[in-house]
S.K.: 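Following this message is one structure expressed as structure tokens.
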Amino acid sequence: MVYYIRHGEMPESRHTYTGRDKLLREELFGLKAFDGEYSLLYHLYDPAEAESISREDKKEFIKINESMHRHIKTMKFKEDSDFFYGRMVLFLNDEISIGIIRPEKNADYYFRNAVADELFFVHNGSGEIISIFGRNKYRKGDFIFIPRGTTYKINISENSYFFFIVSKTHIKIPHRYLNEYGQIKEGCPYYDRDFNVPEFIAPETGVSEYNVKVDYGDYYMNIKRFYPLFDVAGWDGYLYPFTLNIDKMAPIVGKLHMPPPVHETFESDNFMVGSFLPRPFDFHEKSIPIPYYHNNINSDEIIFYSSGNFMSRRGIEAGSITLHVHGMIHGPQPGLLEKSICQKGTDEVAIMVETYKELYATELTLKNEEKDYYLSWKK
């Protein structure tokens, strides 16, 4: 939940009509059946209309069941396909998939994920997401959140590079950031007004051919229909796509080194997403600002490095992704702890995903990873 939004035309009361000459079709767009977050959308045409439906099997990812610290430099990956077919999955488990997208073209169809929320971080590029809710422009440094069930397409206006997280468990604002009314508390890294919500656009009309690809995890269902998908005359509610730019965020700093939960941006039942951003270091006169060694006893840690100087690791570049696994200690490489003392701040931008279930690599990861990355802690 972010906050209540109302756009466009709708009846005065739910489940009623304004006039027989223009009977809008109400759709409940909601989580947990009728009990979770939801919005109500009012369509000009029947939202369930379909002329044909066909199944399309997905490529199966082979899970590499071997826990190892890993490092992949993804900037060498070539642009490939569109925003949907071009998703390069590097790590996954039964609940989540993580990877990058470097699309070379816009798709000529619409998309809907039926089983998972989608979160993207814009490493580079600009464009817009057009959905049943309206238009969300995106730019470098944006998080883009698309709730499951959203029909949308993307128009890329500048070559774009995305880090993505697709999750079967709902992605949300951390509960500890919210007061009892659902408003973001004072002292959090961002505030309600920092979210960019969909700009309402006039509903499409007329008859043509429209194709939507519905993602069910292991396969797609391709639906063809003759009435517009973006025919919403109005909507209101709490569930919709949004963007949040890291430039709007205010990192929390302290007297001593602050652990990763302080940098939390989003949460889910099975993982958290954190943002490491430019900030001053700790102000204790004898502080060690570099992250201390830690053993992820029951979590795996992904970091996507976007820009800046990453003081705790050598050999890292923009577009690098590291996996540090449970059961293996990790931390600063030799000499970097000493080098960090008396440093005043950092200009890094990095996105962390800490999962509470084991992550598996894919064949794409093994093909492109830095071999013997574990030796980077050897003097």
S.K.: Any side-chain heavy atom of F34 sitting closer than 4.5 Å to one from L28?
M.R.: yes
S.K.: Under 3.5 Å, is there a donor on one side chain and an acceptor on the other for H326 and D300?
M.R.: yes
S.K.: Quick check: do T355 and F91 have side-chain heavy atoms less than 4.5 Å from each other?
M.R.: no
S.K.: Honestly curious: do I290 and Y293 fall in one hydrophobic cluster under the side-chain, below-4.5 Å linking rule?
M.R.: yes
S.K.: Tell me if a side-chain donor or acceptor on N245 pairs with a main-chain N or O of K248 at a distance below 3.5 Å.
M.R.: no
S.K.: Check D282 with K255, please: is the shortest side-chain N to carboxylate O separation under 4.0 Å?
M.R.: no
S.K.: Using a strict 4.0 Å threshold on nitrogen-to-oxygen distance, state whether R313 and E317 make a salt bridge.
M.R.: no
S.K.: Taking the six-membered ring where the residue is Trp, are the ring centres of F29 and W235 under 6.0 Å apart?
M.R.: no
S.K.: Should R225 and E51 count as an ion pair when the cut-off is N to O under 4.0 Å?
M.R.: no
S.K.: Hey, is CG on D218 packed in by over 12 heavy atoms from elsewhere, all under 6.0 Å?
M.R.: no
S.K.: Does R14 CZ have over 12 foreign heavy atoms under 6.0 Å away?
M.R.: no
S.K.: Which residue is it: K153, R135, R139, K137? I am looking for the one with a salt bridge (Lys or Arg N to Asp or Glu O under 4.0 Å) to E128.
M.R.: R135
S.K.: Strictly below 4.0 Å, N to O, side chains only: are R176 and E264 in salt-bridge contact?
M.R.: yes
S.K.: Check whether any side-chain heavy atom of M221 sits under 4.5 Å from a side-chain heavy atom of S54, and report yes or no.
M.R.: no
S.K.: For the residue pair R102 and Y161, would you count it as a cation-pi contact if the rule is NZ or CZ under 6.0 angstrom from the ring centre and within 45 degrees of the ring axis?
M.R.: no
S.K.: Go through the steps to decide whether S268 and T169 satisfy the test side chain to side chain donor-acceptor pair (under 3.5 Å), and finish with yes or no.
M.R.: CA-CA 6 Å; S268 186; T169 52; 2.6 Å; yes
S.K.: Side chain of N368, backbone of T365: donor and acceptor closer than 3.5 Å?
M.R.: no
S.K.: Quick one: does any side-chain atom of S306 pair with a main-chain N or O of A350 as donor and acceptor, under 3.5 Å?
M.R.: no
S.K.: For Y109 and D82, which I'm curious about, is there any donor-acceptor pair between the side chains at under 3.5 Å?
M.R.: yes
S.K.: Would a single hydrophobic cluster contain both M258 and L277, if residues Ile, Leu, Val, Met, Phe, Trp and Tyr are joined by side-chain heavy-atom contacts under 4.5 Å?
M.R.: no
S.K.: May I ask you to check whether E27 and H43 show a side-chain donor-acceptor distance below 3.5 Å?
M.R.: yes
S.K.: Would you check if I98 and V89 make a side-chain contact, meaning some heavy-atom pair closer than 4.5 Å?
M.R.: no
S.K.: Does K172 pair with E37 as a salt bridge, N-O distance under 4.0 Å?
M.R.: no
S.K.: Could you tell me whether F143 and F266 have their ring centroids closer than 6.0 angstrom?
M.R.: yes
S.K.: Test D117 against H170 for side chain to side chain donor-acceptor pair (under 3.5 Å), laying out the working first.
M.R.: CA-CA 6 Å; D117 289 350; H170 184 42; 2.5 Å; yes
S.K.: Would a line drawn from the ring center of Y152 to the ring center of F84 be shorter than 6.0 Å?
M.R.: yes
S.K.: Side chains of N93 and Y360: donor-acceptor distance under 3.5 Å anywhere?
M.R.: no
S.K.: Quick one: does D269's side chain get under 4.5 Å of Y356's, heavy atoms only?
M.R.: no
S.K.: Is there a donor-acceptor pair closer than 3.5 Å between any side-chain N or O of D46 and the backbone N or O of A48?
M.R.: yes
S.K.: Kindly state whether the ring of F163 and the ring of F304 have centres lying under 6.0 angstrom apart.
M.R.: yes
S.K.: Assess, by modelled atom type and distance only, whether the side chains of S67 and E358 contain a donor and an acceptor separated by less than 3.5 Å.
M.R.: yes
S.K.: For the ring pair H257 and Y292, is the centre-to-centre distance below 6.0 Å?
M.R.: yes
S.K.: Please confirm whether the backbone N or O of R279 pairs with a side-chain atom of T346, one donor and one acceptor, at under 3.5 Å?
M.R.: no
S.K.: With no hydrogens and no angle check, is any side-chain donor or acceptor of E104 less than 3.5 Å from a backbone partner on S81?
M.R.: yes
S.K.: Aromatic contact between W377 and H330, with the criterion being ring centroids under 6.0 Å apart: yes or no?
M.R.: no
S.K.: With a 4.5 Å heavy-atom cut-off, do I144 and I129 have their side chains touching?
M.R.: yes
S.K.: Looking at F111, is R87 sitting on its ring face, NZ or CZ under 6.0 Å from the six-membered ring centre and within 45 degrees of the normal?
M.R.: yes
S.K.: Tell me, with the steps shown, if H69 and T322 meet side chain to side chain donor-acceptor pair (under 3.5 Å).
M.R.: CA-CA 7 Å; H69 293 335; T322 57; over 6 Å; no
S.K.: Using the ring of each side chain (for Trp, its six-membered ring), is H324 parallel, tilted or perpendicular to Y373, with breaks at 30° and 60°?
M.R.: parallel
S.K.: Check for me whether the distance between the ring centres of F195 and Y190 falls short of 6.0 Å.
M.R.: yes
S.K.: I'd like to know if M10 and L23 are part of one continuous hydrophobic network [Ile/Leu/Val/Met/Phe/Trp/Tyr, side-chain heavy atoms within less than 4.5 Å].
M.R.: no
S.K.: For the aromatic rings, using the six-membered ring if either is Trp, is the centroid distance between H7 and F133 under 6.0 Å?
M.R.: no
S.K.: Apply the salt bridge (Lys or Arg N to Asp or Glu O under 4.0 Å) test between D94 and each candidate in K63, K168, K357; give the one that qualifies.
M.R.: K63
S.K.: Checking H15 against E26 for the side chain to side chain donor-acceptor pair (under 3.5 Å) test, could you report, in this order, the C-alpha distance in whole Å, the side-chain angles of both residues, the deciding distance, and whether it holds?
M.R.: CA-CA 7 Å; H15 323 320; E26 183 182 77; 2.6 Å; yes
S.K.: Side-chain contact test, heavy atoms from C-beta onward, threshold under 4.5 Å: evaluate it for P47 versus Y227 and give yes or no.
M.R.: no
S.K.: Is the distance from the ring center of F230 to that of Y110 below 6.0 Å?
M.R.: yes
S.K.: Identify the two heavy atoms, one from S160 and one from S126, that lie closest to each other, and give their separation to 0.1 Å.
M.R.: OG-N, 3.5 Å
S.K.: Hey, does Y210 have a side-chain heavy atom less than 4.5 Å from the side chain of P228?
M.R.: yes
S.K.: Give a yes or no on whether a salt bridge exists between K213 and D215, defined as a side-chain N under 4.0 angstrom from a carboxylate O.
M.R.: no
S.K.: When you group the ILVMFWY residues by side-chain heavy-atom contacts below 4.5 Å and let the links chain together, are M272 and V166 in the same group?
M.R.: no
S.K.: M75 and L364: same hydrophobic cluster, using ILVMFWY side-chain contacts below 4.5 Å?
M.R.: yes
